[in-house]
Structures are given as C-alpha cells and as structure tokens.
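Down below is the structure, laid out as structure tokens.
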Amino acid sequence: EAGVTQFPSHSVIEKGQTVTLRCDPISGHDNLYWYRRVMGKEIKFLLHFVKESKQDESGMPNNRFLAERTGGTYSTLKVQPAELEDSGVYFCASSQDRGYNEQFFGPGTRLTVL
Amino acid sequence: AQSVSQHNHHVILSEAASLELGCNYSYGGTVNLFWYVQYPGQHLQLLLKYFSGDPLVKGIKGFEAEFIKSKFSFNLRKPSVQWSDTAEYFCAVNIPNTGFQKLVFGTGTRLLVSP
C-alpha cells in the first residue's frame, strides 16, 4: 500500500512568489491534515479535512494560505504571496475514520523563501 | 490551549545505554498521547500511543512509555539503545471526543547514539 506522498520535496522561491504544495493521502483515508515545522520549533497544525470539507482550519496563519481538497482525494496548499517567515517543512498526514488512531505522515515539503 | 514540553532538545548516548525522554503536557482533561519518531531521511512514524487502560504502553522496537496522570507526563523509555535509534523523537497529544483531531506536538528531541 502506498503511503502519503507529497510534491515537491523541496521548493525554493522568492518573497512575493506563489507556491503550491500537493499531498496525496493513503487511498481510502477520509481525514487529511496539514502541519508545518518552522526551523527549530514544534510541528504545528494548520488544518484538517474530512473528505472535501474543512473540519478545522484554526491553525492557518493568515489569508495568504489557501488549502483545497477537491473531490476528497488529494489536497493542495497554496501560499500567495510567500513571505520569509513561511519557510519551513510542510507535512501532510492522513488517517482512517477518526484521527484518534494513527495519523500517517508524508515525507514533507521543505519550502525556502528567499 | 494545549501545549507539550519536551525538555531534552539533544541527547547523546552510547550504545547499550538506557534512554528516557521527558514529555509533559498542559491540559486538565482526558488526552490521547503519542510518541512519533523520524529517522534520518524518513517519514514521521508512530512509535506508540496511549488512549486509556494500562498506563505503561509498549511500542515498536523495544520502546515503552508511561502515562502518569498526576504529573501530566508521558515519558519515553528504552532500556538499551542501539545505533539505529538515532533519530528525532516527538511527543504529541490530542483531545478525544471533541471532533478536533489535530495533534499538538512538542519541539522534538534529537537522539544521537554513538556506536
């Protein structure tokens, strides 16, 4: 069974540009989560989808971040325009049923904003 | 809001030494507790979890953790570490029965095991 995949693995962009990150969850997992780790700090929750609906977006930092999950399959996270403080590793995770069971994590996308 | 503290940011041990990584959380109610590990170049993966029942939880690769409710702690232990345990370890919590399933993580502990 394929795990959670994320694309790209690395992205280097300049301040003011736009970047779109993609996450493909494990097939059949209704729950999809985005997290972010800024260097040296904790992994922080961004948002949670149940199928195509946003269940919890309390962690989204501001309106420069837009997450979508059309059709309840893969998800994209767009940052527009990117700022220096957006640099970090963006993780995606998915889970079956309720997330009180295991959330399976992807490898992350390392975003560097110059 | 919930928070998780991992007091050891970097730990260096020799093979066969015993390991204990501290984890404390701040939340007065019922919590689910997790330890995740990220080996170099790999994904975050679950080591063990506690939802209820026996407060001593056994996980993969010989790891265990003990939930002490009175201390708000969930420390990770391994009696004898191996070089292959070199990794970053993350403690996390979530709150059951709220509909909000986000994990709240600690800052992580980097463990280096020297052969």
Side-chain angles (χ1 to χ4, degrees), chain A residues 1-7 9-10 23-26 29-51 53-61 67 75 88-110, chain B residues 1-10 21-27 29-53 57 59-60 63 87-110:
Chain A
E1 178 184 281
V4 177
T5 57
Q6 293 186 245
F7 182 82
S9 55
H10 293 83
C23 169
D24 286 78
I26 293 172
H29 282 193
D30 288 340
N31 295 280
L32 187 151
Y33 312 81
W34 284 99
Y35 294 87
R36 176 175 74 172
R37 188 182 194 195
V38 172
M39 189 188 302
K41 303 214 170 169
E42 70 272 29
I43 301 168
K44 278 197 170 179
F45 168 80
L46 296 178
L47 88 160
H48 168 209
F49 284 99
V50 178
K51 297 184 180 178
S53 299
K54 291 175 185 174
Q55 173 77 10
D56 179 2
E57 52 184 327
S58 61
M60 293 288 265
S75 174
V89 180
Y90 290 76
F91 293 101
C92 177
S94 71
S95 72
Q96 280 183 311
D97 301 327
R98 291 289 181 178
Y100 308 137
N101 288 307
E102 182 175 357
Q103 292 184 22
F104 293 84
F105 281 78
T109 293
R110 182 174 295 278
Chain B
Q2 314 90 313
S3 66
V4 176
S5 298
Q6 291 183 244
H7 310 294
N8 315 101
H9 298 294
H10 292 88
L21 301 182
C23 172
N24 290 87
Y25 65 92
S26 66
Y27 184 72
T30 302
V31 294
N32 296 321
L33 295 150
F34 306 82
W35 275 98
Y36 278 84
V37 61
Q38 188 171 27
Y39 297 102
Q42 296 189 27
H43 305 191
L44 272 163
Q45 58 184 280
L46 184 68
L47 261 183
L48 47 79
K49 61 189 178 189
Y50 173 81
F51 291 165
S52 63
V57 179
I60 60 171
F63 285 90
E88 190 161 17
Y89 293 80
F90 298 90
C91 183
V93 304
N94 70 9
I95 311 301
N97 305 318
T98 61
F100 297 102
Q101 299 157 35
K102 64 181 180 184
L103 291 169
V104 177
F105 284 90
T107 50
T109 298
R110 286 188 184 273

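Below, chains carry the letters A, B, ... as their sequence lines are ordered, and counting in each starts from 1. Please read all numbers here as calculations on a predicted model, not as lab measurements.
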| query | Considering the options A:Phe105, A:Phe91, A:Phe104, which one meets the ring pair (Phe, Tyr, Trp, His ring centres under 6.0 Å) requirement together with B:Tyr36? | reply | A:Phe105
| Nearest atoms (heavy-atom pairs only) where A:Ser58 meets B:Lys102 | OG-NZ, 3.7 Å
| field | Minimum heavy-atom distance between B:Leu103 and A:Tyr35, given as atom pair plus value | value | N-OH, 3.1 Å
How long is the span from the [atom1] atom in [X] to the [atom2] atom in [Y], to the nearest 0.5 Å?
{"X": "B:Gln101", "Y": "A:Tyr33", "atom1": "CD", "atom2": "OH", "result": "4.0 Å"}
{"X": "A:Glu42", "Y": "B:Ser5", "atom1": "CD", "atom2": "OG", "result": "9.5 Å"}
{"X": "B:Leu48", "Y": "A:Glu102", "atom1": "CG", "atom2": "CD", "result": "11.0 Å"}

| said: Heavy-atom cut-off 4.5 Å, strictly under: side chain, backbone, both or neither for B:Gln38 against chain A? | reply: side chain
| task | Please lay out, stage by stage, how A:Lys41 and B:Thr107 fare under the test side-chain contact (heavy atoms from CB on, under 4.5 Å). | result | CA-CA 5 Å; A:Lys41 303 214 170 169; B:Thr107 50; 5.6 Å; no
| Is it true that A:Arg37 and B:Glu88 have a side-chain N and a carboxylate O under 4.0 angstrom from each other? | yes
| message | Under 6.0 Å between ring centres: does that hold for B:Phe105 and A:Phe45? | response | no
| query | Non-hydrogen atoms of chain B under 4.5 Å away: do they reach the side chain of A:Val50, the backbone, both or neither? | reply | neither
| query | Is atom OH of B:Tyr25 surrounded by more than 12 heavy atoms (other residues, nucleotides or ligands) closer than 6.0 Å? | reply | yes
